[in-house]
Participant: 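There's a structure below that I have some questions on.
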Amino acid sequence: MMYYNWKQTTNTDELKIVCNLIKNGEIVIFPTETVYGIGANAYDEKAIGKIFMAKGRPSDNPVIVHISDKKTISEIAREVTEVEQKLIDAFMPGPFTLILNKTDKIPDIVSGGLPTVAVRMPDNVIARGIITFSGVPIAAPSANISGRPSGTAVEDIRQELEGKVSAIVDGGETQIGLESTVVRVIEEVPHILRPGKITPEEIRDVAGCVKFSNGIFEPVSENEKVESPGVKHKHYAPKTPAELIYSKVDGTLIFELNRMVKYYKGDVVILGFEEHKNNIVVSKHRFISLGSKNNLEEVAKNLYSALRKADELGGQIILIEGVEKRGLGIAIMNRLLRSCGYRYHEF
Ligand code: AMP
Ligand code: MG
């Protein structure tokens, strides 16, 4: 396995090697602005099979196809409607994925047997370079063992994926830290299948309306119909049990957290806001800061690394401070609720 450090600049000789690996049906870890991905040639069934193997990903969970040029959309998708085109114009490139009807060029393994394909155009120099010089769209799910928190830094995922891929491209910490907003337009209405950096408000501004699909803030049952197979699978979960706690009132939140710390006799990890560091009575090394509660961008960026760190510390339980379900807070709460298996208390 090759490791390439492109934290400062992309090395063009190494870029050629990485793109040749993709062309030859190998799988490669690379950064995007959202999280790290494990990518392969989207047209190569065998190569995509290797991704599913490496991740232990259920075969009914389709993967997103990454492009570097909007012209590629007509190659992989058909019947793009007016509303869909507006969304493409507004949010691509960026942390936005659109579900479109697929063409025959996209193998069933990519779409999990669905007649649709998820399309994203990343806005990250390294990702764009790899797609462009590979000359093919790149199918890439998040770089993590299936069910675990996504990887936002190579140090976090190296151990779990090393040896399972042909190369790792290190571009440093990812900028956003949460996966893309996934949208499907149904009867001209954009439905958010997975919230992300692009907020419902932004989508409404472009399309005039927006809806949430089921499974954003509550679990879906086995036989319930969902637009996105991913919402049924366990995800973003640390190995230690976790619980999410929220109150609009800071004092109440701190009081409840301290009560729980006492109940567990301090054998907990707190994932909390920088501002609360000195208010929660727990040993210093058992408090992991998510960043400032007034800077949700920072919280999003830190989230997965913090979850992984908390898991390493272990203890009886990880107690996580929640945020208001508004703007970027929607995506943050969606990921945290799923990490906790929906164990949530609001005071
Ligand atoms: P990940 O690869 O970990 O970023 O997850 C990709 C997400 O996009 C999962 O939740 C998938 O279920 C969803 N997705 C991918 N392709 C489709 C599709 N064709 N239809 C609906 N959801 C999809
Ligand atoms: Mg994932």
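Positions are given from 1 along the sequence. Side chains included, hydrogens not; waters and symmetry mates left out as well; all remaining heavy atoms used. Remember, it's 1-based here, ligands and their atoms both numbered in the order they're listed. As the structure is a prediction and not an experimental result, all values here were calculated from the model.
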Participant: Write none if no such pair exists; otherwise list each N/O atom of ligand 1 with its protein N/O partner under 3.5 Å and the distance.
Facilitator:
residue	atom	partner	partner atom	Å
ligand 1	2 (O)	R57	NH2	3.4
ligand 1	3 (O)	S142	OG	3.1
ligand 1	4 (O)	R194	NH1	3.1
ligand 1	5 (O)	R194	NH1	3.3
ligand 1	12 (O)	N61	OD1	2.9
ligand 1	12 (O)	S228	OG	3.0
ligand 1	12 (O)	G230	N	2.9
ligand 1	19 (N)	T116	OG1	3.0
ligand 1	22 (N)	S228	OG	3.3

Participant: Using a strict 4.0 Å threshold on nitrogen-to-oxygen distance, state whether E84 and R184 make a salt bridge.
Facilitator: no
Participant: Is the Mg ion (ligand 2) less than 2.8 Å from at least one N/O/S atom of S146?
Facilitator: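 False for S146.
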Participant: Which other residues belong to the hydrophobic cluster containing L193, where Ile, Leu, Val, Met, Phe, Trp and Tyr are joined when side-chain heavy atoms lie under 4.5 Å apart, directly or via other members?
Facilitator: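 Taking Ile, Leu, Val, Met, Phe, Trp and Tyr as members, L193 shares its hydrophobic cluster with I99, V182.
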Participant: Under the salt bridge (Lys or Arg N to Asp or Glu O under 4.0 Å) test, which residues partner E179, sequence neighbours left out?
Facilitator: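 Expected list: R335.
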Participant: Can you sort out the partners of D69 under salt bridge (Lys or Arg N to Asp or Glu O under 4.0 Å), two or more places apart, ordered by chain and number?
Facilitator: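 Salt bridge (Lys or Arg N to Asp or Glu O under 4.0 Å) check on D69 returns nothing, list empty.
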Participant: Distance alone, cut at 3.5 Å: any donor-acceptor contact between the side chains of T240 and D311?
Facilitator: yes
Participant: Under 4.0 Å between a side-chain nitrogen and a carboxylate oxygen: does that hold for E256 and R259?
Facilitator: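 Here E256 pairs with R259 in a salt bridge, since their nearest N and O are under 4.0 Å apart.
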